[in-house]
Amino acid sequence: MKIATMLCGVIYPMLTLPHSAAASELVGVREIAAPSKERGGDLAVTIWYPAETGGKPVTLGENAFFVGTDAMLDAPISRGEYPLILLSHGAGLGGTPQAMSWIATPLAKQGFVVAAPTHPGNGGMNRSAAETMKLWLRPTDISATLDTIEQLPLLEKRLVAGRTGILGLSMGGNTALALAGARIDPIRLAGYCDTNALNPSLCEWVRQSGIDLHAMDMELAGRNNRDVRIKFAMVIDPALADVFQTNSFSMVTIPVEIVNLGKPGAIPQTALASGIAKAISKSTYSLIEEASHYSMFGKCKPGAAQLAVSEAIGEPICSDGEGQSRLEIHKRLIAIATQAFNRALKPAL
């Protein structure tokens with residue numbers, strides 16, 4: 001398992017929604033900047049939303065390995081009011097908001113505004129092992145994004161007050177749990193790569209990059225990153241699930257939906273979250289046994305598996321479990337997410 005190259009298909013069940021959060025066949029997408037004091041600059045943020053006709057056709061998340069997802073750049077936003085889903089991406093190959101268009105686009109079609117910041121240094125050409133391991137900075141990226149979203153002219157009178165949730169995939173799942181109130185244990189994080197037992201690929205990258213986690217300044221690592229504006233969290237295969245302060249899960253008071261990918265006994269220990277679900281009072285837990293952690297990547301293009309081998313990716317990025325295709329697994333994930341956020345954020349709409 002290599003958390004440094006994590007993350008995500010398309011198709012979802014059509015649901016009948018109230019007019020104020022109606023489904024739309026068109027999805028707009030827009031790029032904005034969100035100031036971040038902690039990062040010392042602006043965060044690049046991608047927003048998906050129900051749209052009216054207009055804008056420029058674009059395909060997001062497509063590369064040599066994965067099929068992308070279509071949207072309309074800068075299209076007008078549809079009339080109505082919508083709940084907000086903040087989205088936290090993984091690292092490595094999944095280290096961009098665009099890599100998650102497969103799930104953001106159908107959520108926008110179902111009547112949500114979805115906003116995802118780029119977590120600096122966690123993916124793309126400028127990825128950094130040191131920045132990736134600063135897990136405590138990721139929640140502040142989400143909170144800074146929410147600060148900007150709440151003042152954004154595009155969304156004026158378009159967001160339902162008090163209806164904000166967080167969706168985190170892979171390392172983004174760690175971020176979502178932190179925003180819900182869980183706290184990182186600096187000692188566990190510092191010792192995470194003492195051996196290869198927890199995550200051989202990630203820790204090899206950390207060591208090759210010359211990073212000593214014990215020497216990293218973790219003064220802020222154990223702080224409380226809870227954002228009380230977030231009322232619901234959904235996490236899928238939360239990576240580095242084993243670096244939290246165990247007793248902090250009892251402090252999580254919002255509903256949390258947790259999904260693990262794989263059969264019991266086959267889920268990597270560092271993403272296994274059944275114990276976390278038991279420790280959170282308002283939680284639900286489910287498995288998609290036919291999936292794997294790599295099922296969070298997009299649908300692979302023909303020849304992508306062979307290309308990954310030739311490019312020394314080092315992981316079976318096109319491999320899932322047994323019995324279902326990636327597209328079918330994506331249908332299930334999107335259906336679970338749609339139903340969860342409808343239940344949590346639209347109960348009275």
Side-chain angles (χ1 to χ4, degrees), residues 5-12 23-34 42-78 82 84-120 122-127 141-142 145 148-149 152 154-155 166-172 236 294-302 304 307 317-318 326-327 329-331 333-334 337-338 341:
T5 57
M6 295 184 177
L7 209 72
C8 15
V10 204
I11 307 198
Y12 54 96
S24 170
E25 285 303 310
L26 296 176
V27 172
V29 64
R30 193 163 298 197
E31 302 288 337
I32 68 166
D42 289 344
L43 299 167
V45 177
T46 303
I47 304 174
W48 298 260
Y49 50 89
E52 297 179 354
T53 302
K56 176 184 177 181
V58 292
T59 301
L60 302 179
E62 182 165 3
N63 56 34
F65 301 103
F66 306 116
V67 175
T69 307
D70 295 336
M72 300 300 293
L73 181 65
D74 296 332
I77 188 168
S78 293
Y82 309 102
L84 174 65
I85 300 174
L86 297 159
L87 186 54
S88 180
H89 62 71
L93 289 180
T96 67
Q98 292 76 16
M100 297 183 299
S101 289
W102 67 273
I103 195 167
T105 299
L107 285 171
K109 284 185 177 182
Q110 291 298 330
F112 296 94
V113 172
V114 183
T118 298
H119 296 296
N122 280 231
M125 295 297 293
N126 297 318
R127 73 187 187 113
D141 296 338
I142 297 292
T145 297
T148 296
I149 290 292
L152 193 66
L154 169 71
L155 298 176
I166 174 77
L167 171 61
L169 296 89
S170 189
M171 196 171 280
I236 303 175
Y294 307 106
S295 300
M296 287 187 286
F297 286 95
K299 179 183 176 183
C300 283
K301 291 182 175 180
L307 178 61
I317 60 173
C318 295
R326 181 160 298 181
L327 187 58
I329 293 167
H330 285 162
K331 290 179 183 180
L333 281 170
I334 293 167
T338 302
F341 283 105

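Positions are given from 1, in the same order as the sequence printed here. These figures come from a predicted structure and were not determined experimentally.
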Side-chain contact test, heavy atoms from C-beta onward, threshold under 4.5 Å: evaluate it for [X] versus [Y] and give yes or no.
X	Y	answer
Asn122	Arg127	no
Lys109	Pro50	no
Val114	Leu107	yes
Val113	Ile149	no
Pro117	Ile142	yes
Thr148	Thr145	no
Tyr82	Gln110	no
Pro97	Trp48	yes

Kindly say whether [Y] contributes a backbone atom to a donor-acceptor pair with the side chain of [X] at under 3.5 angstrom?
X	Y	answer
Tyr49	Ala75	yes
Thr96	Ala99	yes
His330	Ser295	yes
Ser78	Ala51	yes
His89	Met100	no

[X] and [Y]: which non-hydrogen atoms are nearest, and at how many Å?
X	Y	value
Thr118	Leu43	O-CD2, 3.9 Å
Leu154	Ile77	O-CG2, 4.0 Å
Val45	Ala34	CG2-CB, 3.8 Å
Arg326	Phe66	NH1-CE2, 4.2 Å
Ile317	Phe65	CD1-CD2, 3.7 Å
Thr105	Thr69	OG1-CG2, 3.5 Å

Interatomic spacing from [atom1] in [X] to [atom2] in [Y] - rounded to 0.5 Å:
X	Y	atom1	atom2	answer
Leu87	Ile85	CG	CD1	8.0 Å
Leu167	Ser88	CG	OG	9.0 Å
Ser170	Phe297	OG	CZ	7.5 Å

* Residues that Thr46 engages under side chain to side chain donor-acceptor pair (under 3.5 Å), provided they are two or more places apart ->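 Thr46 satisfies side chain to side chain donor-acceptor pair (under 3.5 Å) with Glu31, Gln98 once adjacent residues are dropped.
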
* Which residues satisfy the side chain to side chain donor-acceptor pair (under 3.5 Å) test with Asp70, sequence neighbours excluded? ->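 Only Thr59 meet the side chain to side chain donor-acceptor pair (under 3.5 Å) criterion with Asp70.
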
* Who passes side-chain contact (heavy atoms from CB on, under 4.5 Å) against Asp74, sequence neighbours left out? ->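 Per chain and number, Asp74 pairs via side-chain contact (heavy atoms from CB on, under 4.5 Å) with Arg30.
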
* Not counting sequence neighbours, which residues clear side-chain contact (heavy atoms from CB on, under 4.5 Å) with Cys318? List them please. =>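 Expected list: Cys300, Ala304, Ala305.
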
* To do: Show your working on side chain to side chain contact (heavy atoms under 4.5 Å, CB included) between Val29 and Val27 and close with a plain yes or no.
  => CA-CA 7 Å; Val29 64; Val27 172; 5.6 Å; no

* **Phe341: partners by ring-ring contact (aromatic ring centres under 6.0 Å, His included), with sequence neighbours left out** =>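 Phe341 satisfies ring-ring contact (aromatic ring centres under 6.0 Å, His included) with Phe232 only.
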
* Does the pair Leu93 and Asn63 meet the rule for a side chain to side chain contact (heavy atoms under 4.5 Å, CB included), with working shown? -> CA-CA 10 Å; Leu93 289 180; Asn63 56 34; 5.6 Å; no

* Which pairs with one or both residues in residues 53-62 pass salt bridge (Lys or Arg N to Asp or Glu O under 4.0 Å), sequence neighbours excluded? ->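 Counting only pairs at least two positions apart or across chains, the salt bridge (Lys or Arg N to Asp or Glu O under 4.0 Å) contacts touching residues 53-62 are Glu62-Lys301.
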
